[in-house]
Amino acid sequence: MTTTRRRLAAAAAAVLGGLVLVLAGSWFVVERGVQRVLEREAVHLAENWAGTLGSELPRVERLIDGYPASREQIRFIRQMSALADVFRWRLFDETGTLTFDTRYFDELAAGWKMPAEAALGERASWPGAGDAWPRAYVEDGDGERTPRYYAVAFDRLVADGSEIGTLEVFIDQTEHRADLLETLLASGIVLTLLVVLAFLVPVAGLLWQIRVRAAADAAREHAATHDGLTGLLNRHAFGAVIDGKIAREPGVPFHLHAFNIRRFRQVNEALGYAAGDEVIRGVARRLGEQAGARCAVCRLGSDEFALVDATRPGLHEARALAEACLHEVSQPLPVGEGAHSPLIDCGIAQYPGDGTDAATLLTNASLALKTAAAEEGASIRVFHPSMERERARLLEVERRLRRAIEEGDFRLVFQPFFRPDGTLVGCEALLRLDCPEGRSMSPGEFIPIAERTRLIIPLGAQVLRRACTIAARWPDDLILAVNFSPVEFEADGPVKAVRRALATSGLPAHRLEIEVTESTLITNPDLVALQLDEIKEMGVRLALDDFGTGYSNLGQVSKYPFDRLKIDRSFVTALTEGDPQSGHMLHIIVAIGELLGLDITAEGVETAEQARQVARIGVDCVQGFRYSMPLDVEELERLLRQSASAAAAPSLGGVAAGRGS
Ligand code: C2E
Ligand code: CA
Ligand code: CA
């Protein structure tokens, strides 16, 4: 029974008890009241009778003295008896001896004396000398010899100014009492009802208040421990559940699963916050269904969830649960008017091995989750202490990235690309971050972190601006190629960044080439197509980088306004590793590229043999260590000056010694 119910039952019992008490009390008061009224009336009647008998009954003192009634007296007494409800009266002399009783009227009228035993037998009703006059009492009768209810009243009989005896009158009050009771009870009941009502209204108000307060308390408690959007436990309550479980069953193993939704921010931005909420609710519901009633599920933060599974102690089972969650959550979810398939990652921490309290377990499950999230495609990772080191490394790289953005502390190198005849066509800007220990961090190390933290957006914009400023000093037929990450297309777009960089640097738009990878096209094809069209309209060139590593085919590529296709290094490497398949592929790509009017660049050409083969296939441009390493700004400018003074295209051999990378 809940506290509220107990309170309600107690209140109802109190009201009922109160009602019974009020009714019993009213009855008592009414009864006593009626009795008092009847007694007072009886007293009045006795006074009247005593007055009438004393003044009107001829020679009443003789009747008291025990003389037989005269004819005159008999007539008078008969007249009196027909009056009112007095059904009997008696006379006593000064000593209290009964001398006349209407019950024996016929006998007395016939000349009898009052039988002594009658006087003795009835003596009990004599009030006694010391009592106050007049006085009365009421009595229940048997309904045969006496009425059901009657009053007995006494008064002193006075004749010619002196007391001559006592009169006792018996008054039938059965009907009168019933009338009085009826009237009084009716008003009593009305009064009682009014009182009860007056009592009930505040009590009902109080009960209502208790109910409302109890509901508010329950709502407040729920809100303090649950997430408003999903109804799941919140982080705080979830921690308490875990710590409670550990305290109850120390050492009994269990697993903590942490989940987050992949690219949730993009869902919010692309579909709107209402759709984002629907996705969160959908994921929460599905996780809850997978977890079952015996697991606690919580929403840790915006797109993060966790569940603790006490029913499956083995790691194998914990993984199976995680897999079921990943699978179930990824089913198409109705969102707005369409559908969305949310992808989630999972990190698992084990009690007691990975922590002996909720906070540590949650931290470690989150670490495992971050590792899982960094991988391609939805994945599951179990916590390992090395993840702590990995986390420290990630934090270090993130700090370095922020410094690059805030202080402009980054370096650009430029890798030239040529026509197969050795003519310099342009240079690709490549980002370098130098570390204090003299090492240069490779983009492969920091670009994924910059993408995950979205720091690539401000960083990419700065890279673009600086690269454009540098390229504006180059001969005006040289192209500047700049890499764009898929993440940069998720923000309000690279369009603004390109427009601003061109405006501040003064670089003509046709000399800038933006390189994007196939993954950019896959993420959000419609939005990216719009942005690419806009960039293209400015007169900027577009290149599809690392072609062949993703899933796009040439048919899809033709839908975008590309100017160049850069064939990935892996194809070029395969050429000289005896893979005839890649040779055929290259032939086909070049042929279709020509058809679509695309320039084809072969990337990562390292050897003379590779150079010979790609030239034979007929690519338009070549790029790779064979021709030039990426060069520092100064190195590149020195080279450009040399080639200008030689009034010839730079010699391929001359730049191959670059050390910018
Ligand atoms: P990418 O766009 O494919 O750039 C070419 C990468 O291949 C460069 O690596 C370059 O140094 C390397 N490379 C060039 N020729 C050869 C060769 O003959 N053999 C071999 N083995 N490698 C060669 P880097 O500079 O380490 O850049 C790696 C990737 O990082 C780039 O691949 C690009 O995707 C990304 N990246 C670099 N700078 C930026 C940037 O400013 N913004 C963005 N979004 N991504 C960048
Ligand atoms: Ca590139
Ligand atoms: Ca490339």
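In this chain, residues are counted from 1 in sequence order. Each ligand, and each atom within it, is numbered from 1 in the order the structure gives.
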**Asked** Between atom CZ of Phe484 and atom CD1 of Ile514, what is the distance when rounded to the nearest 0.5 Å?
**Response** 4.0 Å
**Request:** Give the contacting part of Gln462 toward ligand 1: side chain, backbone, both or neither, where contact means a heavy-atom distance below 4.0 Å.
**Result:** neither
**Contact check, Gln623 vs ligand 1, heavy-atom distance below 4.0 Å** = no
**Non-hydrogen side-chain atoms of Ile535 and Val495 separated by less than 4.5 Å** = yes
**Message:** I need the contact type for Gln415 against ligand 1. Using non-hydrogen atoms and a strict under-4.0 Å cut-off, is it side chain, backbone, both or neither?
**Reply:** side chain
**Item:** Ion pair Glu490/Arg265, N-O distance below 4.0 Å
**Value:** no
**Fill in**
Checking distances from the Ca ion (ligand 3), one finds that the N, O or S atom of Asp545 closest to it is OD1
**Asked** Just checking, any donor-acceptor pair under 3.5 angstrom between side chains of Thr601 and Gln623?
**Response** no
**Message:** Checking contacts here: is it the side chain or the backbone of Asp545 that comes within 4.0 Å of ligand 1, counting heavy atoms only? Could be both or neither.
**Reply:** side chain
**Item:** Glu515 OE1 and Glu428 OE2 subtending at the Ca ion (ligand 2) (10° steps)
**Value:** 90°
**Prompt:** Using a heavy-atom cut-off of under 4.0 Å, does the side chain or the backbone of Arg626 touch ligand 1, or both, or neither?
**Reply:** neither
**Any Glu428 heavy atom less than 4.0 Å from ligand 1** = yes
**Prompt:** Hey, is the Ca ion (ligand 2) within less than 3.0 Å of some N/O/S atom on Asp546?
**Reply:** no
**Prompt:** Among the heavy atoms of Gly444, does any lie under 4.0 Å from an atom of ligand 1?
**Reply:** no
**SB check Glu445 Arg439 (cutoff 4.0 Å)** = yes
**Residues Arg612 and Glu609 bridged, charged N to O under 4.0 Å** = yes
**Prompt:** In terms of side-chain geometry, is the basic nitrogen of Asp345 or Arg381 positioned less than 4.0 Å from the acidic oxygen of its partner?
**Reply:** no
**Request:** For ligand 1, note which part of Asp546 has a heavy atom under 4.0 Å away: side chain, backbone, both or neither.
**Result:** side chain
**Item:** Part of Val413 with heavy atoms under 4.0 Å of ligand 1, whether side chain, backbone, both or neither
**Value:** neither
**Item:** Gln415 and Glu428 side chains, donor-acceptor separation under 3.5 Å
**Value:** no
**Asked** Judging by distance only, is a nitrogen or oxygen of Leu431 under 3.5 angstrom from one on ligand 1?
**Response** yes
**Request:** Please verify whether a non-hydrogen atom of Gly604 lies at under 4.0 Å from ligand 1.
**Result:** yes
**Item:** Residue part near ligand 1, for Val463, under 4.0 Å between non-hydrogen atoms
**Value:** side chain
